[in-house]
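Working notes, beginning with the structure itself.
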Amino acid sequence: MLEQAGAMFDDMAGMLSRIRKKIYGERMAYFRQKNEMILTEMVRFVEQAGVQKEAEVQKEAEVQKEEEAQAQKQREAAAQVAKALADAVEARFAKRGKINGRIGMDINLMMIYYVFPAILLTESECAVPLADAIRDEWRGRFRDSGQIGYTTYEELSNTFQEKILGMF
């Protein structure tokens, strides 16, 4: 699963250089279009883990128990996706088992600016649990990622200013 996930970080330096509001919107559209299959695979894997069986459940307690079981399956699937993504990134960028500090910071920025918002833009009900699982895996696995978090594309885009003091 997610053998091509490392390709999400192609042209990392170009994607992160001189980001402004308009440019960020264009680059996000490009990122989503380029990585649509990977993002879809990630979300579908988690969604399919939570698909309920078609057998009818008659009692309310059984319904609640079944919903909890489905949610647990989705969390487990999200953790598998997070591990696969982290493995792909590690395989692509690690040298002698470690990722260079500079590259690690760029990877974290790619995650914050592009990967997390792109996952949330899928508008799947599994997007938030998936983003949580990836964030938790990232914090545990990569150095200097202990405080990594995520936000939506809209919130992040609104933090950019079109002009600074009338310049640009």
Side-chain angles (χ1 to χ4, degrees), residues 1-10 12 15-16 19 21 24-25 27-53 57 63-94 97-101 103-160:
M1 168 186 20
L2 296 177
E3 295 82 19
Q4 302 297 321
M8 291 172 62
F9 296 87
D10 286 347
M12 189 166 43
M15 294 290 284
L16 295 173
I19 297 177
K21 188 171 188 159
Y24 177 61
R27 288 180 185 169
M28 176 57 83
Y30 168 75
F31 180 84
R32 290 181 65 208
Q33 184 260 334
K34 178 182 150 241
N35 297 298
E36 182 178 7
M37 291 186 63
I38 296 169
L39 295 166
T40 302
E41 181 183 353
M42 291 167 54
V43 171
R44 276 197 190 140
F45 185 81
V46 178
E47 286 175 344
Q48 290 174 352
V51 173
Q52 290 187 342
K53 298 176 185 170
V57 181
V63 170
Q64 184 177 5
K65 187 176 180 181
E66 184 66 24
E67 287 174 353
E68 290 172 8
Q70 296 301 326
Q72 179 61 31
K73 287 179 185 177
Q74 284 184 331
R75 285 191 295 275
E76 290 170 2
Q80 289 177 352
V81 170
K83 184 180 180 327
L85 177 61
D87 288 345
V89 169
E90 209 165 37
R92 178 162 182 158
F93 294 105
K98 294 184 179 181
I99 295 177
N100 175 308
I103 293 172
M105 293 304 291
D106 286 348
I107 292 169
N108 286 342
L109 287 173
M110 280 291 290
M111 293 296 294
I112 293 166
Y113 281 119
Y114 296 102
V115 178
F116 286 127
I119 290 169
L120 296 174
L121 282 171
T122 63
E123 297 180 0
S124 167
E125 64 184 42
C126 299
V128 171
L130 177 58
D132 288 341
I134 293 171
R135 179 202 58 213
D136 295 343
E137 178 73 22
W138 227 255
R139 286 179 175 176
R141 178 160 323 182
F142 297 111
R143 181 176 53 142
D144 298 327
S145 299
Q147 297 300 316
I148 194 169
Y150 65 88
T151 187
T152 64
Y153 168 77
E154 291 80 15
E155 290 174 359
L156 190 56
S157 180
N158 289 336
T159 63
F160 291 105

### Task
Using a cut-off of 6.0 Å, state whether more than 12 heavy atoms not belonging to Gln147 lie near its atom CD.
no
### Message
With heavy-atom distances below 4.5 Å as the criterion, would you say the side chains of Val89 and Trp138 are in contact?
### Response
yes
### Query
salt bridge (charged side-chain N to carboxylate O under 4.0 Å, His left out) with Asp10: which residues, sequence neighbours excluded?
Arg92
#### Entry: Side-chain touch Asn158/Lys21, heavy atoms, less than 4.5 angstrom
yes
### Verdict with supporting geometry, Phe142 and Ile148, side-chain contact (heavy atoms from CB on, under 4.5 Å)
CA-CA 10 Å; Phe142 297 111; Ile148 194 169; over 6 Å; no
### Query
Where do Glu137 and Ala86 come nearest, in terms of heavy atoms and distance?
CG-CB, 3.9 Å
### Query
Hey, is the main chain of Met8 close enough, under 3.5 Å, to the side chain of Tyr114 for a donor-acceptor pair?
no
### Message
In the structure I gave you, are the side-chain heavy atoms of Leu156 and Tyr24 within less than 4.5 Å of one another anywhere?
### Response
yes
### Message
For a 4.5 angstrom cut-off between non-hydrogen side-chain atoms, does Phe93 reach Met12?
### Response
yes
### Query
What residues form a side-chain hydrogen bond (donor to acceptor under 3.5 Å, both in side chains) with Thr151, not counting sequence neighbours?
Glu155
### Query
When you look at CZ of Arg44, are more than 12 heavy atoms from neighbouring residues, nucleotides or ligands closer to it than 6.0 Å?
no
### Message
Under a 3.5 Å threshold, yes or no: a donor from one side chain and an acceptor from the other, between Glu76 and Gln72?
### Response
yes
### Query
Going by distance alone, is a donor N or O of one side chain under 3.5 Å from an acceptor N or O of the other, for Gln74 and Gln70?
no
## Note on the structure
What one should report as the nearest heavy-atom pair of Leu16 and Ile19 is O-CG1, 3.5 Å
### Message
Do Glu41 and Gln4 make a side-chain contact, defined as non-hydrogen atoms from C-beta onward lying under 4.5 Å apart?
### Response
no
### Check: Met28 and Tyr113 side chains under 4.5 Å, non-hydrogen atoms
no
Atom pairs and distances, donor-acceptor, side-chain atoms in residues 118-133, under 3.5 Å, two or more places apart:
unit_1: Thr122; atom_1: OG1; unit_2: Ile119; atom_2: O; d: 2.5
unit_1: Ser124; atom_1: OG; unit_2: Glu47; atom_2: OE2; d: 2.5
unit_1: Ser124; atom_1: OG; unit_2: Cys126; atom_2: N; d: 3.0
unit_1: Asp132; atom_1: OD1; unit_2: Arg135; atom_2: NH1; d: 3.4
unit_1: Asp132; atom_1: OD1; unit_2: Tyr150; atom_2: OH; d: 2.4

### Task
Please list, chain by chain and in numerical order, all residues satisfying salt bridge (charged side-chain N to carboxylate O under 4.0 Å, His left out) with Lys83, sequence neighbours excluded.
Asp87
Can you list, pair by pair, the side-chain donor-acceptor contacts under 3.5 Å of residues 29-37, counting residues two or more places apart and other chains?
unit_1: Lys34; atom_1: NZ; unit_2: Ala7; atom_2: O; d: 3.0
unit_1: Asn35; atom_1: ND2; unit_2: Phe31; atom_2: O; d: 3.0

### Query
Which pairs count as salt bridge (charged side-chain N to carboxylate O under 4.0 Å, His left out) when at least one residue sits in residues 103-121, sequence neighbours excluded?
Arg102-Asp106
